[in-house]
Amino acid sequence: MLEQYDTFKPVLWDDEAVCLLDQRLLPQQHQYLYCRSVAEVAQAIRDMVVRGAPAIGITAAYGVALAARQRYAESATNWRDNIEADLQQLEGARPTAINLHWAIARMRDRLAGLDGDPFEVLLQEARAIHEEDIAANLKMGKFGASLIVPGSSVLTHCNAGALATGGHGTALGVIRSARADGKLATVYADETRPWLQGARLTAWELLQDQIPVTLVAEGAAAWLMQQGKVQWVIVGSDRIVANGDVANKIGTYSLAVLARQHGVKFMVAAPTSTIDMAVAEGGAIPIEQRDPAELLACGGQRVAAEGATAWNPVFDVTPAQLVDAIVTERGIIERPDSAKLARHMGQHR
Ligand SMILES: CSC[C@H]1O[C@H](OP(=O)(O)O)[C@H](O)[C@@H]1O
């Protein structure tokens, strides 16, 4: 029997399963999918039942706890060797969001020194990752909001909200905090083809919080900026690398170019778990290509002419030079570059 869950919780643990709010069905349907095995968790990440870099990492962390319980029950002596295949299955679910790999690396480190049944300790670690993400988003929201002049209007892309994280959101966390500070005039969200995270998820999420939102087609972004209707573009990220280059939903790069052209500020909000200092520059970030059929359809209905093929990269890379500010839970990096990223990441170790 499905218990009534909090609307915004994309990921929950309910003693038996990893429960995922099925974001493929929002906003029309609000249903949870119960994943009782690692294979089901990995499939759910691959199928974007749950999506958004931090939410993917949190989900994978609960998946590791689930795997540990299963492997220890199979063999109390060989569970550590046997779980490696499960970790790799989770890691292979989606390539671009570094949070998935970061969370699994943290869980792998945690299980390394464990004796006896690992389940409770690993479940506690997954919960810590979940709660730390929410705390990070609340801090990030305040830092990002501090950059916004009262009366500003903003444009956001895709969904970098509570649905993409442990809660509160990254880009939408900044928007929630700026709204709470009474600073925002209009919030524009673009629809974000082909998966429509903006039209379906961001619009729904903001309206649940009584935050008015105006949808625009991606193609309208240039004219919106040319008309002087927005002062900030605020987005999330799936991976920020050592020189400050930013991987995010396809279409982000074009917004950054347009913003620079029109004197609109460009902010990237992401927790430090999204920063990958092991990669030097954006060209080395693996960009996920998804099934062309996702682009040939809209809302599950084919719209493209029969016979048309599609090129469907679902992320792009924005060079650091086009970013005015990266905001994390540690603070603000203005005009990011390698030296600033290194100080930001190293200064708190
Ligand atoms: C807060 S990270 C959200 C990030 O993830 C989205 O991608 P997807 O919906 O494919 O997981 C998009 O890039 C968002 O900015």
Side-chain angles (χ1 to χ4, degrees), residues 8 10-11 20-24 26 44-60 93-103 129-130 133-134 136-138 140-141 144 155-176 189-205 218 233-240 245-256 266-276 282 285-291 294-295 312-318 323 326-329:
F8 284 172
V11 192
L20 302 176
L21 179 56
D22 194 334
Q23 299 191 35
R24 300 171 300 181
L26 289 174
I45 294 172
R46 222 176 354 261
D47 293 348
M48 295 175 67
V49 170
V50 60
R51 31 65 52 198
I56 290 172
I58 293 163
T59 299
R94 292 187 78 187
T96 305
I98 189 62
N99 308 63
L100 173 59
H101 309 278
W102 169 85
I129 289 172
H130 195 161
D133 185 68
I134 297 171
N137 293 339
L138 291 168
M140 204 187 312
L155 168 65
T156 191
H157 182 61
C158 195
N159 173 262
L163 290 170
T165 65
H168 193 62
T170 56
L172 293 197
V174 171
I175 286 171
R176 284 190 166 95
D190 71 39
E191 57 183 359
T192 318
R193 281 270 298 152
W195 221 74
L196 301 177
Q197 290 95 327
R200 294 188 305 110
L201 306 181
T202 289
W204 177 77
E205 192 179 315
E218 273 125 297
V233 172
I234 305 177
V235 298
S237 178
D238 294 80
R239 190 181 311 212
I240 300 169
D245 289 349
V246 175
N248 197 49
K249 183 53 50 193
I250 189 79
T252 302
Y253 172 46
S254 53
L255 290 177
F266 192 85
M267 183 193 305
V268 178
T272 50
S273 55
T274 301
I275 297 179
D276 181 3
I285 300 172
I287 298 297
E288 181 182 3
Q289 298 275 345
R290 291 185 68 92
D291 184 349
E294 291 183 1
L295 193 131
N312 189 23
V314 292
F315 297 103
D316 59 25
V317 177
T318 297
V323 178
I326 291 175
V327 177
T328 77
E329 71 278 16

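What's counted below: heavy atoms across the whole structure, side chains too, no hydrogens, waters or symmetry copies. In each ligand, atom 1 is the first atom listed, and ligand 1 is the first ligand listed.
- The residues R290 and E288 are annotated as salt-bridged, a charged nitrogen and a carboxylate oxygen being separated by less than 4.0 angstrom.
- One side chain, N159 or T202, offers a donor N or O that lies under 3.5 Å from an acceptor on the other.
- Taking the ring axis of W195 as reference, the NZ or CZ atom of R24 does not stay both within 45° of it and closer than 6.0 Å to the ring centre.
- By the ring-ring contact (aromatic ring centres under 6.0 Å, His included) test, H130 pairs with Y62, sequence neighbours left out.
- Not counting sequence neighbours, the partners of D316 by the side chain to side chain contact (heavy atoms under 4.5 Å, CB included) test are I250, T252, Y253, T318.
- The 4.0 Å heavy-atom shell around ligand 1 contains residues M48, R51, G52, A53, P54, R94, C158, N159, A160, A164, T165, T170, Q197, G236, S237, D238, N248, K249, F315, ordered by chain and number.
- Applying the salt bridge (charged side-chain N to carboxylate O under 4.0 Å, His left out) definition to pairs two or more places apart or across chains, those involving residues 164-176 are R176-E205, R176-D209.
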